[in-house]
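First up is the structure itself, then whatever we jot down about it.
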Protein chains: 2
Amino acid sequence: MYLFWEKGFAATSLSDILERARCRSGSFYHFFESKEALLHAVLELYATMFDVVIAQPAFAAASDPIERIFAILAGYRERLLQTNCTYGCPIGRLALEVDPNNTTAFQWISTNFTAWRGAVETCLAAAPLPPTTNIPDLASLVLTLMEGAVMQSRAYRSVEPFDAAVRQLRAYLGMLTAAAEDAPKRG
Amino acid sequence: MYLFWEKGFAATSLSDILERARCRSGSFYHFFESKEALLHAVLELYATMFDVVIAQPAFAAASDPIERIFAILAGYRERLLQTNCTYGCPIGRLALEVDPNNTTAFQWISTNFTAWRGAVETCLAAAPLPPTTNIPDLASLVLTLMEGAVMQSRAYRSVEPFDAAVRQLRAYLGMLTAAAEDAPKRG
DNA sequence: GTCTATAGGATGATAGAC
DNA sequence: GTCTATCATCCTATAGAC
């Protein structure tokens, strides 16, 4: 799991895996049919871990629904800082690297993304937004923004692009909630 | 260039390259010191090509500065459709894949991103936005959004996430230009 | 379930003739 | 500048003893 995150799938060799797991190939192939099967298991594990690792800590860190979204993003900022902005979202990295023919992997990748968007949708549904707001679109935007921001921060080896994206999201959501507050006064 | 886009750097072997270039290894190593040197040359070529391939067509397709930004994004939508949403931005893909120690590669990746943001900044500077608008932040957001949107469309094998991101950007920029129009009336 | 040993092929890169 | 031939190493995966 760690190696696919750090080096990607193709650049991680079986001997890398064996060394890190401190076992021999016989043990590996006793549990996994192939290197690709390990990838599937890793992606499945990410999906399983999502609530505990991503959603719950962010939901515990804030009670305001909009701030919970920013708490999720703050988690990624923390991970960027911890790695000197070299790594990023492991799912995003694999989403761009894995062979499109690997349908099983992509099913798990989309499962992860869907869970992520679902958590944000939950927050948005509880937020004071205009009733016309397209919440699935907006949740998709937040994921899009996180992934693009992490990528750009890796490219520049700086949190600044990430922070810029968060600032802009804050401005946009601020305008939306302001519009929701104005609407009742008008109508 | 094509193979790094299609398969990534690690998954592209020298024999893949030789087959596609229809030459032998002797010829390859006459021009390039290593596979990594080819990567650097490819990234440099992308930077060289940016104006002709990305900026100029979009600027020619629209005269309104905001619509020029959406014309850039429409170019990526077209590329997604042409590849059944399997590929994406080649720079973005390499930004997540390439070893962070490969500083030369990352210098070229950031050069590409900076050129991209520069084109968007040019558009934003000509657009009717509130004078307080942070144009570099906003240009960075557009790149962030494009990269994240392409990634998510690849993950779901659908243009829908890309379109959702564009819709949201349009809404945000619409609110900003509306605010700029209101401001003179108030002040 | 873990070990050693190894198959069978691909890998990036080089040497040197032409 | 392109060719053939090849090096040395690494790769994923398997076989079979224990």
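Letters A, B, ... mirror the listed sequences (proteins, then strands); counts begin at 1. Note that these values count all heavy atoms, side chains included, but never hydrogens, waters or copies made by symmetry. Note that the structure is a prediction, hence the values are computed from the model and not measured.
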As a test of understanding, state which of V120(A), D64(A), V166(A) forms a side chain to side chain contact (heavy atoms under 4.5 Å, CB included) with I69(A).
V120(A)
Can you measure [X] atom [atom1] to [N] atom [atom2] for me and round it to whole angstrom units?
X      : N       : atom1 : atom2 : value
L38(A) : dA13(D) : CG    : P     : 11 Å
I17(B) : dT2(D)  : CD1   : P     : 16 Å
D16(A) : dA13(D) : CG    : C1'   : 16 Å
L39(A) : dA13(D) : CG    : C1'   : 17 Å
L18(A) : dT14(D) : CG    : C1'   : 14 Å
K35(B) : dT14(C) : NZ    : P     : 15 Å
E36(B) : dG12(C) : CD    : P     : 13 Å

Is any side-chain N or O of [X] closer than 4.0 Å to OP1 or OP2 of [N]?
X      : N       : answer
S15(A) : dT12(D) : no
S13(B) : dT11(C) : yes
Y29(A) : dA13(D) : yes
S27(A) : dC3(C)  : yes

Using the ring of F70(B) (Phe, Tyr or Trp, six-membered ring only), decide whether R170(B) places NZ or CZ under 6.0 Å from its centre and within 45 degrees of its axis.
yes
Applying a 4.0 Å non-hydrogen cut-off, can you work out what F28(A) is touching in the nucleic acid: base, sugar-phosphate, or nothing?
nothing
Classify the nucleic acid contact of S25(A) as base, sugar-phosphate or nothing, counting any heavy atom under 4.0 Å across all strands shown.
base
Side-chain contact, heavy-atom cut-off 4.5 Å: I17(A) with L14(A)?
yes
Compare the minimum distances between each of dT2(D), dA13(C), dG1(C) and the side chain of H30(A), then state the nucleotide with the smallest one.
dG1(C)
Please determine, for the side chain of F31(B), which listed nucleotide (dT2(D), dA13(D), dA13(C)) has the closest atom?
dT2(D)
Step by step, work out the side chain to side chain donor-acceptor pair (under 3.5 Å) result for S140(A) and D137(A).
CA-CA 5 Å; S140(A) 179; D137(A) 264 29; over 6 Å; no
Taking the nucleotide of DNA chain D with the nearest heavy atom to each, does R24(B) or L14(A) sit closer to the 5' end?
R24(B)
Are the side chain of Y156(B) and the backbone N or O of T114(A) linked by a donor-acceptor pair below 3.5 Å?
yes
